[in-house]
Protein chains: 2
Amino acid sequence: MTSESQELKDAGLKITLPRVKILQILESSPAHHLSAEDVYKQLLKNEEEIGIGTVYRVLTQFEDAGLVKRHHFEGGHSVFEIAKTDHHDHMVCVKCGRVEEFADEGIERRQQEIADSFGFQLTDHNLNMYGLCPRCR
Amino acid sequence: MTSESQELKDAGLKITLPRVKILQILESSPAHHLSAEDVYKQLLKNEEEIGIGTVYRVLTQFEDAGLVKRHHFEGGHSVFEIAKTDHHDHMVCVKCGRVEEFADEGIERRQQEIADSFGFQLTDHNLNMYGLCPRCR
DNA sequence: CTAGTTGCAAATCATTTGCACTTGC
DNA sequence: GCAAGTGCAAATGATTTGCAACTAG
């Protein structure tokens, strides 16, 4: 059994061809953040007969199962990212769409302090920065 | 001249009925963050003959003019907020929806340093924290 | 076998746009 | 008066869904 199949099984999902293929794409893509359309295009390139509707369905199931994380960046469409990495934040190029990931201990700590000062019990947080990347500026 | 008219004038926008009405709604609404649909519904309630297309056009103009700030929250649609206050971030209660605004000079500075280290020229950034507020926890 | 899954196309939702008709200045 | 602004409806782009055919267990 492939590692993808095992992951699906562990997540409680039936092992089907679309799910395995989409999981492979998410895991093997050099870009960490893919839109549903990106995944679909990659499937077409691999000559898989999988509809865009199925791509959305599978990605949503993966999200529910905790296999991927969905982000709503500015600019209209959602992007999906494999959820096995540690917490990190994002810096998005508004021109070419490139996404850089970073984590900063100081910011994390300060966020917690601020939440504490308001009496908030944090469940999640995200910091997104937008701008021009070195290549686009 | 009403204060709304003056604000439009200052922003370099022609004073038209849709713009004045929409600005009034944004300023008088108890909720700080409104979707285009929210604004449209409020206009209908006030029996104004303003189309949803115009609402989107006006909100986009307001954004360009710096009168409002657009946020992309989870769930697909954008929300708009009057931009009279300085930059701040948001802490949202996932239970009651309450939104606390805060600004932290240390975090702001650190964000800029991180962007610099990546060679990014920032145009915008936002930090959203989610959790339970004191009343809900 | 049969409940879950998929492909496809049609439907939906948020948002944008083309165009003929107003309106602000 | 005329460019800018608006209403409306049709177009768009992203995502969802209904349904008959298909497949994993």
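A note on names: the letters A, B, ... follow the listed sequences, proteins ahead of strands, and every chain is numbered from 1. Keep in mind that the numbers below use all heavy atoms, side chains included, and drop hydrogens, waters and symmetry copies.
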Tell me the interatomic distance from B:E48, atom CD, to D:dT6, atom C1', rounded to whole angstroms.
14 Å
Given D:dA14, C:dG7, C:dT15, which nucleotide is nearest the side-chain atoms of A:R57?
C:dG7
Taking OP1 and OP2 of C:dT5, is either one under 4.0 Å from a side-chain nitrogen or oxygen of A:T16?
no
Touch check for B:E49, heavy atoms < 4.0 angstrom, all strands: base, sugar-phosphate only, or nothing?
sugar-phosphate
To the nearest Å, how far apart are B:F80 CZ and C:dA14 P?
13 Å
In whole Å, I'd like the distance from the CG atom of A:L13 to the P atom of D:dG25.
11 Å
Could you tell me the separation between the CZ atom of B:R70 and the P atom of C:dA14, rounded to a whole number of Å?
14 Å
Distance in angstrom units between A:Y56 OH and D:dG18 P, rounded:
18 Å
Give a yes or no on whether a donor-acceptor pair under 3.5 Å exists between the nucleobase atoms of C:dG4, that is its base, and the side chain of A:R19.
no
Heavy atoms from C-beta onward define the side chain here; which of D:dC19, C:dA3, C:dG24 lies closest to that of A:K14?
C:dA3
Can you check the B:Y40 OH to C:dA14 C1' distance for me, whole Å?
14 Å
Is a side-chain donor-acceptor pair under 3.5 Å present for B:H90 with B:E100?
no
A:S78 vs D:dT15: side-chain N/O to OP1/OP2 distance below 4.0 Å:
yes
Counting only side-chain heavy atoms from C-beta out, which of C:dG24, C:dT15, D:dG7 sits nearest to B:P18?
D:dG7
Find which nucleotide of DNA chain C each of A:T54 and B:T54 is nearest to by heavy atoms, and output the residue with the more 5' nucleotide.
A:T54
Of the listed C:dT15, D:dG25, C:dG7, the closest approach to the A:I50 side chain comes from C:dG7
How many Å lie between CG on B:D38 and C1' on C:dT15, as a whole number?
15 Å
Is any side-chain heavy atom of B:L23 less than 4.5 Å from a side-chain heavy atom of B:E7?
yes
Roughly, in whole Å, what's the span from NE2 in A:H72 to P in D:dG13?
20 Å
Counting only side-chain heavy atoms from C-beta out, which of D:dG5, C:dT16, D:dG25 sits nearest to A:I15?
D:dG25
Nearest heavy-atom neighbours spanning B:I50 and B:Y40:
O-CE1, 3.0 Å
Any base atoms under 4.0 Å from B:S35, or only sugar-phosphate, or nothing? Heavy atoms, all strands.
nothing
Establish, from distance only, whether the side-chain atoms of B:E37 and B:H77 form a donor-acceptor pair under 3.5 Å.
no
Between D:dT15, C:dG7, C:dT15, which one does the side chain of A:H77 approach most closely?
D:dT15
Within the 3.5 Å criterion, strictly below it, is a donor on B:R70 or B:T60 matched to an acceptor on the partner's side chain?
yes
